[in-house]
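Report on one structure; see the data block that follows.
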There are 2 protein chains.
Amino acid sequence: MAGDFRRAHRSAPAAEGKEKPEGGEASPDIGTRLRELRKMHGLSQRELAKRAGVTNGTISLIEQNRISPSIGSLKKVLDGFPMSIADFLTLDLKPRSRVFYEAKELREIAGGDVSFRLVGRDTRGRAIQMMHERYTPGADTGEEMLSHAGEECGIVISGVLELTVGGEVRRLVAGDAYYFDSRLPHRFRNPGTIDCVIVSACTPPSF
Amino acid sequence: MAGDFRRAHRSAPAAEGKEKPEGGEASPDIGTRLRELRKMHGLSQRELAKRAGVTNGTISLIEQNRISPSIGSLKKVLDGFPMSIADFLTLDLKPRSRVFYEAKELREIAGGDVSFRLVGRDTRGRAIQMMHERYTPGADTGEEMLSHAGEECGIVISGVLELTVGGEVRRLVAGDAYYFDSRLPHRFRNPGTIDCVIVSACTPPSF
DNA sequence: GCCATTCGTCTAGAATACTAAACGCCTTCA
DNA sequence: TGAAGGCGTTTAGTATTCTAGACGAATGGC
């Protein structure tokens with residue numbers, strides 16, 4: 001009955017080449033996940049076992065998918081990193097997209113008086129949209145207030161920013177910051193005589 | 001050794017009034033979570049057991065935290081809803097308000113060689129945590145790699161940043177940026193001779 | 001070469017999870 | 001009133017996980 005998840009293990013230890021529980025888990029199986037994560041942290045089975053308070057044999061068996069660990073023991077093992085079970089199961093090991101971006105690679109979205117340069121080429125599948133923004137003197141996102149789902153925040157790097165949020169207007173200078181619910185109508189304007197540069201982030205991505 | 005997580009169960013079934021494994025799990029324990037979720041779905045232990053392909057006794061024992069289910073059987077149980085283990089372990093919510101922050105209001109979190117200045121006083125209930133960070137020459141988040149839930153990104157404003165993510169090392173200069181899954185082990189270091197300033201954002205907040 | 005370490009794996013036996021089948025309590029219906 | 005069925009709980013026994021220790025292979029002195 002136990003069936004498809006567990007494997008016979010006191011007998012032939014993997015007759016055929018199969019490793020993964022067939023229909024089962026998400027992307028990589030538990031064992032492979034654990035092994036890769038452990039290696040990323042540069043730990044041996046024994047080191048991890050000591051931190052976690054289990055034996056190295058347990059780590060070995062889990063990594064080979066010879067056993068399906070209990071929640072309790074898996075938690076103990078992951079505490080050795082530390083990492084929660086939920087994170088462990090959702091961590092994306094493989095298609096480690098891109099991490100580093102040179103300044104010239106930031107994709108220009110707007111252009112003209114307002115420059116929005118996006119971190120990363122594509123926001124799909126991402127939780128944050130970060131941009132390097134530059135407003136020329138007088139530049140303005142428009143009288144028509146913006147509003148969309150999510151939350152956004154930013155820090156002024158240089159120049160002066162006039163920010164309107166939900167009817168409230170404020171002038172921010174270098175080092176000042178903001179954080180608001182994007183559903184509140186908002187507007188960005190550069191009332192100064194030099195460029196205004198800010199770094200902003202919003203979630204979820206709106207482009 | 002097995003120790004703190006499991007409870008004696010063939011004997012006195014909870015001498016004192018305690019229910020939760022003391023130091024252990026996150027918010028609600030596994031058993032309570034399962035029970036509440038099951039009731040939200042309007043299922044009896046037997047119904048869920050039948051859908052899941054386990055016995056009602058198993059559901060009962062899990063809900064009482066008398067056993068710590070194996071990953072395999074917990075998965076089978078949750079398939080009865082259906083719901084993933086990761087989702088199961090992460091259920092929750094909250095509120096908030098305040099928009100503008102002067103530079104001096106950004107709350108200093110670290111101090112010393114590394115300065116983290118947080119946008120907003122409190123990140124609870126927020127989706128993004130944005131910080132103005134400054135690393136003095138040689139400053140380092142440490143050999144022991146960081147790793148926590150979520151995604152993070154940033155842009156270098158000035159100076160040079162040496163960033164290590166999942167074993168890959170890279171030097172970033174003003175205008176360069178990064179974006180990665182925070183659960184990958186990572187490290188920030190200023191290898192230059194002047195302060196390195198960056199603006200970062202991560203979600204969800206980790207402080 | 002040889003010893004000392006460290007690595008991942010494997011095995012016997014102890015500890016734990018899980019099943020099948022009861023139990024007691026309750027409600028419903030005849 | 002009693003039979004029938006649903007509920008969550010408990011128990012005895014089986015299946016699985018987990019520990020302690022040993023194994024062979026690889027590595028680094030010396």
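Note that these values count all heavy atoms, side chains included, but never hydrogens, waters or copies made by symmetry. Just so you know, these numbers come straight off a predicted model, no measurement behind them. Chain A is the first sequence line, chain B the second, and so forth, proteins listed ahead of strands; every chain is numbered from 1.
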Would you mind reading off the distance between Asn65(B) atom CG and dT9(D) atom C1', rounded to a whole angstrom?
15 Å
Could you tell me whether the phosphate oxygens of dT9(C), OP1 or OP2, come under 4.0 Å of any side-chain nitrogen or oxygen in Ser60(A)?
yes
Please state whether the rings of Phe188(A) and Tyr178(A) are parallel, tilted or perpendicular, taking 30° and 60° as the class boundaries.
perpendicular
Below 4.0 angstrom from OP1 or OP2 of dA20(C), is there any side-chain N or O of Thr55(B)?
no
Does Arg35(A) make a side-chain N or O approach to OP1 or OP2 of dC7(C) shorter than 4.0 Å?
no
Rounded to whole Å, please give me the gap between CG in Leu74(B) and C1' in dT17(D).
16 Å
Starting at the 5' end of DNA chain C and moving along, which residue's nearest nucleotide shows up first, Leu61(A) or Gly57(B)?
Leu61(A)
Counting side-chain heavy atoms from CB outward, which of dC18(C), dT9(C), dT9(D) is closest to Ser73(B)?
dC18(C)
Could you state the NZ-P distance from Lys50(A) to dT19(D), rounded to the nearest angstrom?
16 Å
Measure the OG-CD1 distance between Ser200(B) and Ile155(A) for me, rounded to the nearest 0.5 Å.
7.5 Å
Mind checking if Ser44(A) touches a base, just sugar-phosphate, or nothing, with heavy atoms under 4.0 Å?
sugar-phosphate
Think Arg66(B) has a side-chain N or O under 4.0 angstrom from the OP1 or OP2 of dC18(C)?
no
Provide the closest heavy-atom pair for Ala49(B) versus Asn56(B) in the form atom of the first, atom of the second, distance.
CB-N, 3.5 Å
Are Gln45(A) and dT9(C) close enough that a side-chain N or O sits under 4.0 Å from OP1 or OP2?
yes
Quiz item: Arg46(B) side-chain donor-acceptor pair to dG8(D) base, under 3.5 Å
yes
Would you kindly give the CD-to-P distance between Gln64(B) and dA17(C), to the nearest whole Å?
13 Å
Rounding to an integer number of Å, can you tell me how far Ile67(A) CD1 sits from dT16(C) P?
14 Å
The nucleotide from dG8(C), dT19(D), dA17(C) with an atom nearest the side chain of Lys76(A) is dT19(D)
Phosphate contact (dC18(C) OP1 or OP2) by Ser70(B) side-chain N/O below 4.0 Å:
yes
CD on Gln129(A) to CZ on Phe116(A), rounded to 0.5 Å
9.5 Å
For the pair made of CD1 in Ile59(B) and C1' in dT19(C), what is the distance, rounded to whole Å?
13 Å
Measure the distance from CG on Leu43(B) to P on dG8(D) and round it to the nearest whole Å.
10 Å
How long is the gap from CG on Leu163(A) to CG on Asp176(A), to the nearest 0.5 Å?
11.0 Å
Asn56(B) CG to dG6(D) P, straight-line distance once rounded to whole Å:
12 Å
